[in-house]
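Scroll down for the structure; my scribbles are underneath it.
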Amino acid sequence: MTLSRRGLLAAASAPVLMSVQDALAQGVAPRRGGTLQMMLTPEPPVLQIGVNQQGPTLVAAPKMFQGLLTFSPTLEPQPLLAKSWTISPDGKEYVFSLQEGVKWHDGQPFTADDVVFSITKFHMELAPRARAIFQLIETCEARDPLTVRIVLKQPFQPFLLMFDATAAAMVPKHLFDGRDYRTAPAVQRPVGTGPFRFVEWQRGNFIRLDRNEEYWKPGQPYLDSIIYRIIPDSQSRRLALESGQVLLSQTNDIEPFDIPALRQRQNLEVHTAGWEYFSPLSWIELNHRVKPLDDARVRRAMSMAIDRNFIVNRLWFGVGKPATNPVASTTRFHDPAARLPAFNVAEANRILDQAGYPRNAQGVRFTLKHMALPYGEIWTRLSEYLRQAMRNIGIAFEMESTDAGSWARRVGNWEYETTINFVYQFGDPTLGVERTYVSTNIQRVTFTNTGGYANPQVDALFLRARTSAAAAERQAAFSEVQKLLIEEVPQIWLMELSFPTIHDRRVRNVITTGLGVHKSFDDVFIAG
Amino acid sequence: MSDFWRRFRRNRGAVVGLVILVLVFLLAAFAPLLFPGSPWDMATAPFVPPGEEGMLLGSDSLGRDVAAGIAHGARISLMVGAVSTIAALSIGVSLGAIAGYLGGIADDAVMRFTEFFQTIPSFVFAILLVAIFTPSIGSVVFAIAVVSWPPVARVVRAEFLSLRSREFVQAAEVLGKSRLSIVLTDILPNALSPIVVLSSLMVASAILLESALSFLGLGDPNLMTWGFLIGAGRSVIRLAWWMSVFPGLAIFLTVLALNLVGEGLSDALNPRLARQRGGAA
């Protein structure tokens, strides 16, 4: 059963890949030349990936830095700096063959030594997410200048997902080794292998990258240069896009409420794909230490009282998808058969009546505090919607406001009753889903299992999926855990978030991978 | 009393203001009857323009009735205006009376204290207070009261300074009346007219302050207020102008009405000033 489902998934992924390539083949012949003006919001502190891992850096840096691999929209690995790779049958040994003739922007050759340095030293020291995975490495060695061999202590199937530029970009050993990585001169003038080289950064104004003439892919990149404009005000960003001063907007550049108007414009295309690798999922974060949130019937009723289509269509103007499951539909091992029960207020009320939470004279069963996510207006509107939805089933939400710092502190310290949260899934449930539900990750740190949900069955299933080398076996464990979590609803999943990429129709090949605008842009061109 | 009303009536603007104010009071009083249920209820589809689908003033981004929001918001705005003004008056009048009546070191101490508050820009100070005490109706009223009492203290002190040397006060002192009773029964009633005028203006500025705080998202998240309505409508103003325009009009009219009434009160309570102004015009 699970094997066949896995087979079906693999079969489904092939046509998607082909259609992307078909689209490339059928499209206009790439035109060389032109400057692509975009925006970067907010301005990053530095562009050296690893030293900074925040959103804006992750968008801009992959134009200069590359990973060994990149990922298709269905998260199949695709070659980048690694030409090919093999995995031993026991799932412990990975051998990467590197592309030939790759040079750093300063003319030095890119070799296996750089790969070993990037993995075992640079990212191990700087990036907590990389450290958590790379500590599974037993040996990492350069077999010859173009071959890297990595042996793991135990099989870890999502390992390859760590080799995208956003997770572990390759950095030049000769500029960092023996120096303080955070203060090395290269941090201010990034040197990578990517299609664009760093030229100029006027703080608060723009960042300019020019074509790398010695790029290892013949004939690429097509663009002469990329300019990232820094425009702090969202309405000015919208105007810049409408007036054609910039040709592309991404991530948080444009507010959701501006999207309907931009969809109407003939010269613009609006895309919501390209977030499959990150697959952010939002939910109502419940603190299980607060009664009666420890009662699964209450959580189930709350989940059933929410109209997720309303949230997606009315609040996010159609950018995103209703959540069906703790694993986003674009993350690997998502089981489409495991679905949350449909929106049904009457049934939710019936469950609460039966569970023994009667309404008082005011029609209230119980009161919960609710802390809105202080990330902007849309999250406040979401909380206001949820308060009304909960009122329909006799649960009173008392709203609390905070600032971003207090929000993170209070969630990290478990000082909340309910709030809103969203978390990246990084392509694999072991990387981005497990952390919210396993009892071993109940920590006083944000984005861990701060809700305090504990279920030995869930722990065991996630552990089985983590340590198993076979995809089919992992799928079986993940399918089971998804069914179990839907029964228990430890957190009330709301929506698979997406961020709009809006660009001029003349800009081609923007979204071709599961990383969307986080790719290198070496194949992006502006048609005449 | 009829004399007072005659003088008040002479100021046309003040009468118009009073009429508007009475209408706002009625709207607030009958809000639960006019718009039953909570103003947060989603009554219709989002972004319904005014006049359609039974939405007199349109609906907002969640399909909530803007008219219901304004009516229920009137209760909060008037309540905040009244309560914070009463609180500011009680602080300002007591401190002003102490300073003006006692004079000397007490006067110096109280006035330096007042100046300390006056030197901080009041809106920034109010934001700071609300942010520290977390936004709630209590902290908003408290913050508004704390930033608006200094002018009251100064006015009351000035009145007391001039009144305390009058003969009727000296007579009361000679009669052996206690200080407290002199302040309360002899001086205060005579200092009342500037306080009344000032407080009508304070209600107006309190409503503005509360709206500004709510606009910035520092209002009580559980209460529908005019400032919140404008703040929520600001970002979608190109899509739904009615979401910010109508609450804005409500604030404008109410504050204007309070100012007009304040001027009328000032004319009615200071007939000589009014006559002078009339003569000049």
Side-chain angles (χ1 to χ4, degrees), chain A residues 233-235 238-239 242 254-264 307 310-311 313-318 362-364 367-392 396-407 410 415 419, chain B residues 32 36-48 59-66 68-69 72 127-140 143 213-225 227-241 243-244:
Chain A
D233 173 62
S234 77
Q235 289 306 304
R238 173 184 161 165
L239 278 175
E242 283 182 330
I254 298 294
E255 305 276 355
F257 49 75
D258 283 330
I259 291 167
L262 292 172
R263 278 191 203 273
Q264 304 292 320
D307 183 358
F310 181 94
I311 296 176
N313 294 324
R314 299 305 193 182
L315 291 175
W316 263 266
F317 295 92
Q362 283 79 46
V364 176
T367 302
L368 291 169
K369 291 203 169 98
H370 180 80
M371 184 162 65
L373 187 65
Y375 283 7
E377 214 194 300
I378 192 159
W379 298 99
T380 312
R381 292 291 95 73
L382 172 63
S383 290
E384 285 165 12
Y385 165 73
L386 293 172
R387 173 175 54 187
Q388 295 315 110
M390 290 302 125
R391 243 174 64 112
N392 291 339
F397 264 20
E398 194 182 299
M399 311 291 268
E400 299 177 283
S401 329
T402 51
D403 55 90
S406 322
W407 179 86
R410 288 184 56 181
E415 290 164 4
T419 183
Chain B
S38 158
W40 300 95
D41 285 340
M42 284 159 278
T44 179
F47 301 124
V48 172
S59 74
D60 77 354
S61 51
L62 289 182
R64 297 175 294 214
D65 187 352
V66 173
H72 286 263
I127 290 179
L128 184 77
L129 288 173
V130 173
I132 291 173
F133 293 106
T134 70
S136 72
I137 191 71
S139 65
V140 167
L213 287 171
S214 297
F215 176 80
L216 292 177
L218 288 168
D220 190 320
N222 293 298
L223 294 174
M224 180 71 83
T225 67
F228 165 84
L229 284 167
I230 300 179
R234 179 189 61 102
S235 51
V236 282
I237 194 159
R238 290 165 72 170
L239 199 67
W241 54 269
M243 276 175 62
S244 18

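Every chain is numbered from 1 and lettered A, B, ... according to where its sequence line falls, protein lines coming before strand lines.
Pairs of residues two or more places apart, or lying in two chains, never qualify as salt bridge (charged side-chain N to carboxylate O under 4.0 Å, His left out) while including a residue from residues 129-138 of chain B.
Heavy-atom pairs under 4.5 Å with chain B were tallied for Arg314(A), Gln235(A), Glu384(A), Glu255(A); the largest tally goes to Glu384(A). Ranked by non-hydrogen atom pairs under 4.5 Å with chain A, the options Pro46(B), Ser61(B), Gly217(B) are led by Pro46(B).
Between Tyr385(A) and Phe310(A), a ring centre-to-centre spacing shorter than 6.0 Å is recorded. Aromatic ring centres of Phe228(B) and Trp40(B): separated by under 6.0 Å.
Under the rule for a salt bridge (Lys or Arg N to Asp or Glu O under 4.0 Å), Glu398(A) has no partner lying at least two apart in sequence or in another chain. With sequence neighbours left out, the ring-ring contact (aromatic ring centres under 6.0 Å, His included) criterion links Trp379(A) to Trp316(A), Phe422(A).
For chain B, the nearby part of Glu400(A) is the backbone; its heavy atoms alone come within less than 4.5 Å. For Phe397(A), the part lying near chain B is the backbone, with the side chain staying farther off; criterion is any non-hydrogen pair under 4.5 Å.
No donor-acceptor pair closer than 3.5 Å links the side chain of Ser214(B) to the backbone N or O of Thr225(B).
Interface residues of residues 128-136 of chain B toward chain A, defined by a heavy-atom distance below 4.5 Å and sorted by number: Pro135(B).
No side-chain donor from either of His370(A) and Thr419(A) sits under 3.5 Å from a side-chain acceptor of the other.
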query: Does the pair Asp65(B) and Thr44(B) meet the rule for a side chain to side chain contact (heavy atoms under 4.5 Å, CB included), with working shown?
result: CA-CA 8 Å; Asp65(B) 187 352; Thr44(B) 179; over 6 Å; no
